[in-house]
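For the single chain, residues carry numbers from 1 onward in sequence order. One-based numbering, in listed order, for ligands and for the atoms of each.
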Amino acid sequence: MNIDLHIHTTYSDGDLTPFEAVVAARGKGLSLIAVTDHDECRGFLELCGKHNGINVLSGVELASKFGGEAHVLGYGIDCRNLSLLEHISYTYGKRRERAVSMVSKLKRAGLNVSMKEVEKNCVTGVIGRPHIAAALVKNGYAGNVKEAFSKYLSKHGDFYVSYEKISVREAAALITGAGGKPVLAHPGLMAPDVRESLWPELKSMGFWGIEAYHTAHSDDQCAEYEEKALKHGLFVTAGSDFHGSAKPFVNIGEEKRGGEYLLKSIEALLL
Ligand code: AMP
Ligand code: ZN
Ligand code: FE
Ligand code: FE
């Protein structure tokens, strides 16, 4: 299907500005995209309706927790919703504190990296590990972002610091409160125990759908998550999770899988 409902821009840790993403999407022949930055939704506003002849939905990807980490996508949100903007500002602070801690740990281990360099890679306040990775690559501590993650930044590594996240229920409520539709992002990237315990809760938490089709999912996983959606009365979505250099092997519009039920879901999404 020629859609991509999971795209990161310079408003979080992607390389392209929102408009450059729209241009790239059109270049790939896509007809519908959504801008889904981590804990930010204002990239969509920058477009000012310049959608280059394709359909563009506002969106967001909220980091949250349900025991372990879970990401919640939101579609069709009001990007000026006060509660959402308050959450975004609060998260800016939390993410910055966390980056300062990670950079301090790296420095203590003798690596030459500074917050100034990390922040140079970050246009908004959504400072993420990819921005630290870029600084490490630039200073020669890793050949690329992936290597920087495996050597220094992974969850199981010595330098990882977590930051306080809202619950999955709160994330879904923020999205619904902003007039949007909450969707569970890439279940295949979640810890299996967290994912399994979350399925039966989704509907009552106000979820609209599950991102069954994602570039990190195998065909079997896509089928399994679509089945879960049907079982729990939810729709399905599809997205690449395109970033650019933070995920160099994933191109915009690359997630092409999905059939009848995805088509039906997209119709419902655009209602
Ligand atoms: P953060 O929100 O700061 O925890 O960073 C999460 C982001 O880091 C994800 O959205 C990915 O873009 C990126 N990421 C996570 N793991 C890796 C990895 N192993 N290699 C490259 N990028 C990664
Ligand atoms: Zn990211
Ligand atoms: Fe995610
Ligand atoms: Fe993402």
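Under a 3.5 Å cut-off, the side chain of H131 and the backbone N or O of G128 do form a donor-acceptor pair.
Classified by interplanar angle (parallel below 30°, tilted 30° to 60°, perpendicular above 60°), the ring pair W199/Y225 is tilted.
Taking 2.8 Å as the threshold, H38 does not count as a candidate ligand of the Fe ion (ligand 4), since none of its N, O or S atoms lies below it. Taking 2.8 Å as the threshold, H8 counts as a candidate ligand of the Fe ion (ligand 4), since one of its N, O or S atoms lies below it. Among the atoms of D241, none of the N, O or S atoms falls under 2.8 Å from the Zn ion (ligand 2). Taking 2.8 Å as the criterion, H38 counts as a coordinating residue of the Zn ion (ligand 2), since one of its N, O or S atoms falls below it.
Heavy-atom contacts of H38 reach the following atoms of ligand 1: 10 (O) (cutoff under 4.0 Å). Per-residue contacts place G128 under 4.0 angstrom from the following atoms of ligand 1 (heavy atoms of the residue considered): 3 (O). The distance from ligand 1 to the heavy atoms of A246 drops below 4.0 Å at these ligand atoms: 21 (C), 22 (N).
Between E255 and R257 there is a salt bridge, since a side-chain N of the basic residue sits under 4.0 Å from a carboxylate O of the acidic one. With salt bridges taken as basic N to acidic carboxylate O contacts below 4.0 Å, one links K151 and E147. K28 has no carboxylate O lying under 4.0 Å from a charged side-chain N of E254, or vice versa, which leaves the two without a salt bridge.
Atom 18 (C) of ligand 1 has as its closest protein heavy atom F149 CG, 3.4 Å. Atom 12 (O) of ligand 1 has as its closest protein heavy atom H243 NE2, 3.0 Å. At the shortest separation from atom 11 (C) of ligand 1 among protein heavy atoms lies K247 CE, 4.0 Å.
Considering both main-chain and side-chain atoms, R129 comes within under 3.5 Å of ligand 1 through a nitrogen or oxygen pair. Between R98 and ligand 1, at least one N/O pair is under 3.5 Å apart.
Looking at R95 against ligand 1, only its side chain comes within 4.0 Å, counting heavy atoms. Under 4.0 Å from ligand 1, the heavy atoms of D13 that appear belong solely to its side chain.
E86 and S89 share no side-chain donor-acceptor pair at under 3.5 Å.
Of the inter-residue distances, the one linking R42 atom CZ with E40 atom CD reads 4.0 Å to the nearest 0.5 angstrom. Between the CZ atom in R95 and the CD atom in E164 there is a gap of 13.0 Å [rounded to 0.5 Å]. Residue S31 holds its OG atom at 11.0 Å from CG of D4, rounded to the nearest 0.5 Å.
Rounding to 10°, one obtains 160° for the angle at the Fe ion (ligand 4) between OE1 (E61) and OD1 (D241).
Put simply, no part of H131 is less than 4.0 Å from ligand 1, judged by heavy atoms.
Annotation: cation-pi pair K165/Y163 present, NZ/CZ under 6.0 Å from the ring centroid and within 45° of its normal.
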